[in-house]
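Read through the structure below, which is laid out as structure tokens, and then see the notes.
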Amino acid sequence: MRRHRGPSASASASTWATVAGGAMFGWVALYGTLAVVATALLGGIAVYTGLIEEYRPPRLSEERIAGTWTDGRGGTLTFASDGTATATGVNTYYLDDNFNDVVRDCTGVGTWEYDAGDSLWTQEVTVSLDGCSMDDWNVGGTPEHPTLYSYIGDPDSWDLG
């Protein structure tokens with residue numbers, strides 16, 4: 001049996017600190033990885049068994065979209081059942097020739113069209129207005145409180161304004 005005597009006279013304190021720090025990093029990495037895997041596993045089981053519900057946007061229809069929608073800043077989009085759209089003070093976003101962000105107030109009349117898409121995630125409302133360029137609107141929210149939203153910026157760049 002060999003007795004551990006601690007650091008030898010030739011080993012410096014910094015060597016022991018490095019070894020102890022490396023061992024500590026290994027344990028933290030191990031337990032951190034186990035925590036992530038356990039959380040993912042338990043979350044997957046909870047969704048699979050129905051204990052918690054995975055988010056899905058509500059299925060809308062032309063009838064549910066018809067009406068007035070507000071952006072929370074005073075701008076409104078009104079969708080009439082005949083396909084007419086009216087925008088009042090809705091902000092639109094685009095890049096100028098120098099790639100600077102430009103925000104413009106959109107007020108105008110035009111048309112709208114609902115595309116149910118292939119799934120709940122691909123529903124879109126296309127709005128065409130005279131004098132305004134507007135991206136398609138996506139469906140979100142809940143069945144009780146649906147929302148329409150549009151991306152500002154490039155979703156792949158993580159700079160959504």
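Just so it is clear, the structure is predicted and the values come from calculations on it, not from any experiment.
A 4.5 Å side-chain heavy-atom check between Y151 and D135 finds every atom pair outside the cut-off.
Atom CD1 in I52 sits 9.5 Å away from atom CD in E54 (nearest 0.5 Å). Between atom CG of residue D105 and atom OG1 of residue T92 there is a gap of 8.0 Å, rounded to the nearest 0.5 Å. We find the OG-CG distance between S150 and N91 to be 11.5 Å, quoted to the nearest 0.5 Å. Put simply, CG on D71 and OG1 on T88 are 10.5 Å apart, with the number rounded to the nearest 0.5 Å. Note: E113 CD to E62 CD = 8.0 Å, rounded to the nearest 0.5 Å. Taken to the nearest 0.5 Å, the CG atom of L148 stands 11.5 Å off from the OG1 atom of T70.
Not one N or O on the side chain of Y114 forms a donor-acceptor pair closer than 3.5 Å with the backbone of T126. Not a single donor-acceptor pair under 3.5 Å links the side chain of R104 to the backbone N or O of S133. For the pair T147 (side chain) and G141 (backbone), a donor-acceptor distance under 3.5 Å is present. Not a single donor-acceptor pair under 3.5 Å links the side chain of T84 to the backbone N or O of A80. One N or O on the side chain of T107 and one on the backbone of G89 form a donor-acceptor pair closer than 3.5 Å.
Between W112 and F79, the angle of the ring planes lies from 30° to 60°, which puts this pair in the tilted group.
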What verdict does the side chain to side chain donor-acceptor pair (under 3.5 Å) test give for T78 and T68, after you've listed the backbone C-alpha separation in whole Å, the side-chain angles of each residue and the deciding distance to 0.1 Å? CA-CA 4 Å; T78 301; T68 300; 3.1 Å; yes
Working for ring pair (Phe, Tyr, Trp, His ring centres under 6.0 Å), residues W69 and Y149: CA-CA 11 Å; W69 298 73; Y149 67 93; over 10 Å; no
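Between G140 and P58, the shortest heavy-atom contact is O-CD, 3.4 Å. The minimum heavy-atom distance linking T76 with V90 is given by the pair O-CG2, 3.2 Å. Listed here is the closest heavy atom pair of D96 and N100: OD1-N, 2.9 Å.
Counting heavy atoms of neighbouring residues, nucleotides and ligands inside a 6.0 Å radius, atom OH of Y55 exceeds 12 of them.
For the pairing with Q123, the side-chain contact (heavy atoms from CB on, under 4.5 Å) check across I65, D136, D115, V139 returns one residue only, V139.
Clustering ILVMFWY residues whenever any of their side-chain heavy atoms sit less than 4.5 angstrom apart, transitively, puts L42 in a cluster other than the one holding L51. Neither L129 nor Y93 shares a network with the other; the hydrophobic side chains, linked directly or stepwise wherever heavy atoms of I, L, V, M, F, W or Y lie under 4.5 Å apart, form separate groups for each.
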